[in-house]
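Below, chains carry the letters A, B, ... as their sequence lines are ordered, and counting in each starts from 1.
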Number of protein chains: 2
Amino acid sequence: MDAKKRKRLEAAGWAVGDTAAFLKLTPQEAALVEMRLALSRSLRERRLAAGLTQTALAKALGSSQSRVAKLEGGDPSVSLELLIRALLSVGASRKDVAHALARRVA
Amino acid sequence: MDAKKRKRLEAAGWAVGDTAAFLKLTPQEAALVEMRLALSRSLRERRLAAGLTQTALAKALGSSQSRVAKLEGGDPSVSLELLIRALLSVGASRKDVAHALARRVA
DNA sequence: CGGGTATATATCCTACTTGACATATGTCAA
DNA sequence: TTGACATATGTCAAGTAGGATATATACCCG
């Protein structure tokens, strides 16, 4: 039941700044947030590099433009699952995803 | 709406053998399955190495023993999200997760 | 044999994620 | 300005992953 609290915290307002210290996040919560952020950024970069619009990516992913915007915007309502699927959709390999995941973000 | 089909396929029976060729999976679908598998294995290893029972891990994760069993068993109903949270719960760092994610599995 | 512990599997109900849609903002060009 | 295109944001119904719980199987030891 601690995941609930986490969701709550995240929902509040993380998009800004250095996530860890600002809110009182456990290292694990922080890691999760950082991963999301790192994947979001990689997604946007890869999409742009591929010359795709959000709409085009959405279609390839079987999703909608609005959700792609949320993916890239780091919206708390998106899961790592979808983020990763999106990366695969823009041509990332498993290794690429792993690399993106570990990427420095702060 | 292609994700649906994927779910369907996965639900059928992948746990066995070399995933990719057996069912007709797209490279992306295969990558996803491999990632899940790789993370599952790392999770089990780390848990055992830490001398934890599924129940203990479940408590630390804020989940239940049954779900941990599914996480480790590669049940199609578990998300990468939870898998990653579980890894963090057994002390994995972001880098560790990335490494586990890319890990060879076949 | 019986009890204890660890894990696997099944079912239920809730809460979350998701796709779809509507709309807002912004940019560029005719 | 107007229209076309790209992206951001909000809402919501529907499907699904999640936690809880119960039960099954397996192992070990007394």
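The listed nucleotides are C:dG19, D:dA8, D:dG19; the one nearest the side chain of A:L82 is C:dG19. Comparing atom distances between the B:E72 side chain and each of D:dA8, C:dA8, D:dG19 picks out C:dA8 as nearest. Of all nucleotides listed (C:dC21, D:dT11, C:dT9), C:dC21 comes nearest to the side chain of A:S66.
Per the geometry, CG belonging to A:D75 stands 12 Å off P belonging to D:dT11, to the nearest Å. For A:L43 and D:dA8, the CG to P distance is 11 Å, given to the nearest whole Å. Distance A:E81 CD to C:dG19 C1': 15 Å, rounded to the nearest Å. Note: NZ (A:K59) to P (C:dA20) measures 13 Å, nearest angstrom. Nucleotide D:dT21 holds its P atom 14 Å from the CZ atom of B:R67, rounded to whole Å.
When every heavy atom of A:Q28 is checked against every heavy atom of B:S89, the shortest pair comes out as OE1-OG, 3.8 Å. Taking all atoms of both residues into account, the shortest heavy-atom contact from A:R103 to A:S42 is NH1-OG, 2.7 Å. Annotation for B:A86 and B:L57: closest pair O-CD1, 4.2 Å, computed over non-hydrogen atoms. Minimum interatomic distance between A:G74 and A:S40 (heavy atoms only, all atoms of both residues): CA-OG, 3.9 Å. For the residue pair B:R94 and A:A31, the shortest heavy atom distance occurs at CD-O, 3.7 Å.
Side-chain atoms of A:R67 and A:L82, non-hydrogen and from C-beta on, do get closer than 4.5 Å to each other. Residues A:L80 and B:L83 fail the side-chain proximity criterion, which asks for heavy atoms closer than 4.5 Å. At least one side-chain heavy atom of B:R47 sits under 4.5 Å from a side-chain heavy atom of B:R44.
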Might you list the N or O atoms of the protein lying below 3.5 Å from N or O atoms in nucleotides 23-27 of chain D, with each pair's distance?
none

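Interatomic distance, CD of A:E81 versus CD1 of B:I84, reported as 9.0 Å (0.5 Å rounding). One finds the CG atom of A:L101 at 10.5 Å from the CD atom of A:E34 (value rounded to the nearest 0.5 Å).
Between B:R47 and B:K70, the residue whose closest nucleotide on DNA chain C is further toward the 5' end is B:R47.
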Step-by-step side chain to side chain contact (heavy atoms under 4.5 Å, CB included) determination, B:R85 to A:E29:
CA-CA 9 Å; B:R85 289 228 301 273; A:E29 291 166 348; over 6 Å; no
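Listed pair B:R85 / D:dA17 fails the phosphate criterion, with no side-chain N or O lying under 4.0 Å from OP1 or OP2.
For the pair B:R46 and B:E72, the salt-bridge criterion is not met [side-chain N within less than 4.0 Å of a carboxylate O].
Residues of residues 49-57 of chain A that place a heavy atom closer than 4.0 Å to DNA chain D, in numerical order, are A:T53, A:Q54.
Between its two ends, the helix from C:dC1-D:dG30 to C:dA30-D:dT1 turns its axis by 30°, counting five pairs per end and rounding to 10 degrees.
Counting non-hydrogen atoms under 4.0 angstrom, A:V78 reaches the backbone sugars and phosphates but no base. Backbone-only engagement by A:S79 is indicated by non-hydrogen atom pairs under 4.0 Å involving sugar-phosphate atoms exclusively.
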